[in-house]
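Worksheet: one structure, shown below.
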Amino acid sequence: MAVPVFMNWSGGKDSALALYALLHDARYEVVHLLTSVNAHYQRVSMHGVRVALLEAQARRIGLPLTQLELPAAPDMAEYEHRMQAALAPLVAQGIRHAAFGDIFLADLRAYREQQLAGMGITALFPLWQRPGVEILRDFLALGFQAVVVCVNEQYLDQSFCGRLLDESFLRDLPDGVDPCGENGEYHSFVFNAPYFSAPIAFARGEIVRRTYPAPAGAGEAAFWYCDLLPAAE
């Protein structure tokens, strides 16, 4: 029998392609989506995408969605407490595997594995250590479509925010920027996928700059966000 899995769904390209891999792997059955959201702003954590668009993705995939609601700036203890509370019902349903779209950040993988092991959950990483250019080109060749919704100003300027994720985007990336944005260079929103029942219609809204305290008190980190406005369904 296929092993039930819940997908840690960010709404971006890596989680979307990881889900594709699992849907085509007879060993697993993806039965649930889990997404972290900013409870105050009702947007996907880090990506800044409106919850209405996240919910539109879940409807088109046809899977139930759990939203892990977090305060605007949770500390690790608060994050871990809320994560355990969100996972408890899934564990109670017999789900013992969790999938992620991580590619090569070994410390992040180790953290996820350690935290989940305490609840008897095994972590899966379908894209692990695949070359970034290969991943992005597979993503495009399979018919996925995405728009860039957030860029880290340390790596990319405002002009990259709001662009379609396509070959021209890949060609324009500066040297040293990971093609998949694995170091947090950019985030995306998938609006069409081979397993969507239909594409998601949206309009681009304003592009805004936001600053946040950098880790270890090292000044500020600046990000550009492109607001996406849901179209009526």
Side-chain angles (χ1 to χ4, degrees), residues 1-36 44-47 49 54-68 83 86-146 165-166 170 178-182 187-200:
M1 289 181 60
V3 173
V5 179
F6 71 85
M7 182 75 221
N8 285 268
W9 176 260
S10 70
K13 65 178 185 349
D14 296 334
S15 64
L17 193 56
L19 175 57
Y20 180 90
L22 289 173
L23 292 174
H24 290 79
D25 189 329
R27 295 174 296 173
Y28 304 109
E29 179 187 6
V30 182
V31 296
H32 210 96
L33 305 174
L34 174 70
T35 306
S36 298
V44 176
S45 299
M46 298 300 297
H47 292 218
V49 172
L54 166 67
E55 293 171 342
Q57 289 178 321
R59 286 194 297 273
R60 282 158 176 77
I61 296 169
L63 288 175
L65 168 71
T66 292
Q67 297 180 37
L68 170 58
M83 176 63 79
L87 294 184
L90 302 181
V91 172
Q93 295 172 36
I95 306 172
R96 297 290 190 275
H97 289 73
F100 298 85
D102 301 317
I103 303 169
F104 65 71
L105 297 180
D107 56 345
L108 180 57
R109 173 172 178 160
Y111 171 77
R112 296 196 196 283
E113 290 175 330
Q114 179 184 20
Q115 293 298 312
L116 292 171
M119 300 187 70
I121 300 173
T122 299
L124 305 173
F125 300 87
L127 306 182
W128 190 248
Q129 292 190 334
R130 286 186 57 191
V133 171
E134 175 186 297
I135 288 174
L136 192 53
R137 289 198 164 129
D138 279 357
F139 179 85
L140 297 175
L142 289 167
F144 287 91
Q145 293 178 286
L165 192 57
D166 56 16
L170 180 59
D178 182 76
C180 286
E182 183 71 348
H187 299 293
S188 59
F189 171 77
V190 173
F191 61 90
N192 197 15
Y195 45 74
F196 278 15
S197 60
I200 298 173

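Predicted model only: the values in this text are computed from it and were never measured.
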For R96, side chain to side chain donor-acceptor pair (under 3.5 Å) partners two or more places apart: none
Applying side chain to side chain contact (heavy atoms under 4.5 Å, CB included), name anything that partners L105, two or more places apart in sequence or on another chain. D107, L108, E182, N183
With T35, which residues qualify under side chain to side chain contact (heavy atoms under 4.5 Å, CB included), at least two apart? W9, V37, V44, L54, L65
If a pair satisfies side chain to side chain donor-acceptor pair (under 3.5 Å) and one of its residues is in residues 189-198, list it, with sequence neighbours excluded. Q145-N192
Is there a side-chain contact between L68 and L34, using heavy atoms and a 4.5 Å cut-off? yes
Partners passing side chain to side chain donor-acceptor pair (under 3.5 Å) against S188 (at least two apart in sequence or in another chain): none
F189 vs Q57, side-chain contact (heavy atoms from CB on, under 4.5 Å): CA-CA, chis, key distance, verdict: CA-CA 10 Å; F189 171 77; Q57 289 178 321; 3.3 Å; yes
Return the CZ to OH distance between F144 and Y20, rounded to the nearest 0.5 Å. 7.0 Å
Atom pair OG (S10) and CG (L33), whose distance is rounded to the nearest 0.5 Å: 11.0 Å
Show the nearest heavy-atom pair for residues V190 and A16, with the distance to one decimal. CG2-CB, 3.8 Å
For S45, all residues meeting side chain to side chain contact (heavy atoms under 4.5 Å, CB included), sequence neighbours excluded: S36, L70
What residue pairs, at least two apart or across chains, pass side chain to side chain donor-acceptor pair (under 3.5 Å) with a residue in residues 129-141? R130-E134, R130-D138, R137-E167
With sequence neighbours left out, the residues meeting side chain to side chain contact (heavy atoms under 4.5 Å, CB included) with V30 are M7, L19, L22, L23, L63
All side chain to side chain donor-acceptor pair (under 3.5 Å) counterparts of D102, not counting sequence neighbours: R112
Donor-acceptor under 3.5 Å (N8 side chain, A99 main chain): yes
Could you list the donor-acceptor pairs under 3.5 angstrom formed by side chains in residues 114-126, with sequence neighbours left out?
none

Atom pair NZ (K13) and CG (L17), whose distance is rounded to the nearest 0.5 Å: 9.5 Å
For H187 and H47, take the angle between the two ring planes, folded into 0 to 90°, and tell me which bin it lands in: parallel under 30, tilted 30 to 60, perpendicular over 60. parallel
Among all residues two or more places apart in sequence or in another chain, which pass the ring pair (Phe, Tyr, Trp, His ring centres under 6.0 Å) test with F104? none
Sorted by chain and residue number, the side chain to side chain donor-acceptor pair (under 3.5 Å) partners of E55 (sequence neighbours excluded) come out as Q67
What's the separation between atom CG in D178 and atom CD1 in I103, rounded to the nearest 0.5 Å? 6.5 Å
L165 vs L136 side-chain heavy atoms within contact, under 4.5 Å: yes
Exam field: side chain R60 to backbone P199, donor-acceptor pair closer than 3.5 Å: yes
Side chain proximity check, F100 to D14, heavy atoms < 4.5 angstrom: no
If you round to the nearest 0.5 Å, how far is CG of L127 from CZ of F139? 11.0 Å
Quick one: do the T66 and H32 side chains pair a donor with an acceptor below 3.5 Å? yes
